[in-house]
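A short worksheet on the structure shown next.
In what follows, residues are counted from 1 in the order of the sequence shown.
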Amino acid sequence: DSFGISTAMSNWYLAEGETSSATETWLLVQNPTVEPANVTFTFLTPAGQGPTFTVTVPAQSRRTYNAGDYIANWDFGVRATSTRPIILERSMYGGCST
């Protein structure tokens, strides 16, 4: 439970993601602006910087990405940088089949 954020930002850091065992981590991105946002995600692992991927989130929309599609069997944090201010959150689910 949290109070949420007070403003969209172009740089975000999220701690504690996992794609090992039966845990899923999802990255939820909202673009409240009137222009598309190019967002680059960089996984930060115990071994250092991990893989990156870039997506375009259309104006005034929300997209969800399964971290397991980009990194497997790791505990990680995520750095996200965007060309527009975005809202970013993380959801984790245990007991999943992946």
Decide side-chain contact (heavy atoms from CB on, under 4.5 Å) for R90 and V78; before the verdict, give the C-alpha distance in whole Å, the side-chain angles of both, and the deciding distance to 0.1 Å. CA-CA 10 Å; R90 166 195 49 81; V78 174; over 6 Å; no
Go through it in stages, so that I can follow the logic: the residues are Q60 and Q30, the test is side-chain contact (heavy atoms from CB on, under 4.5 Å), and I'd like the CA-CA distance, side-chain angles, deciding distance and then a yes or no. CA-CA 7 Å; Q60 299 178 333; Q30 180 181 352; over 6 Å; no
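In this view, T54 and T40 satisfy the side-chain hydrogen bond (donor to acceptor under 3.5 Å, both in side chains) rule, not counting sequence neighbours. Partners of T81 under the side-chain hydrogen bond (donor to acceptor under 3.5 Å, both in side chains) rule, at least two apart in sequence or in another chain, do not exist in this structure. By the side-chain hydrogen bond (donor to acceptor under 3.5 Å, both in side chains) test, E18 is found to be paired with S20, residues two or more places apart in sequence or in another chain being considered.
For T45 (side chain) and G48 (main-chain N/O), a donor-acceptor pair under 3.5 Å exists by modelled atom type. Under a 3.5 Å cut-off, the side chain of W12 and the backbone N or O of I86 do form a donor-acceptor pair.
Residues Y65 and L14 share a single hydrophobic cluster, defined by chaining ILVMFWY side chains whose heavy atoms lie under 4.5 Å apart. Taken together through direct or relayed side-chain contacts under 4.5 Å among Ile, Leu, Val, Met, Phe, Trp and Tyr, F43 and W26 form parts of separate hydrophobic clusters. There is a path of hydrophobic side-chain contacts, each under 4.5 Å, that joins L27 to V55.
Using the six-membered ring where Trp is involved, F41 and F53 have ring planes that are parallel, under 30° apart on the 30 and 60° scheme.
By the 4.5 Å heavy-atom criterion applied to side chains, P46 and W74 are counted as neighbours. With contacts defined as side-chain heavy-atom distances shorter than 4.5 Å, the pair T23/Y93 does not qualify. Proximity of I5 to I87: side-chain heavy atoms (C-beta onward) are separated by under 4.5 Å at one or more points.
Y13 forms part of a hydrophobic cluster together with L44, judged by ILVMFWY side-chain heavy-atom separations under 4.5 Å. With side-chain heavy atoms closer than 4.5 Å counting as contact, directly or through intermediates, M92 stands alone and belongs to no larger hydrophobic cluster.
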Atom pairs and distances, donor-acceptor, side-chain atoms in residues 31-39, under 3.5 Å, two or more places apart:
from, atom 1, to, atom 2, distance (Å)
N31, OD1, T33, N, 3.0
N31, OD1, T33, OG1, 2.7
N31, ND2, E35, O, 2.8
N31, ND2, V57, O, 3.1
N31, ND2, P58, O, 3.3
T33, OG1, E35, N, 3.4
T33, OG1, E35, O, 2.9
N38, OD1, T56, OG1, 2.7

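Taking OG1 of T25 as the reference point, atom CD1 of I71 lies at 10.0 Å (rounded to 0.5 Å). Distance check, rounded to the nearest 0.5 Å: CD of E24 to OG of S91 gives 11.0 Å.
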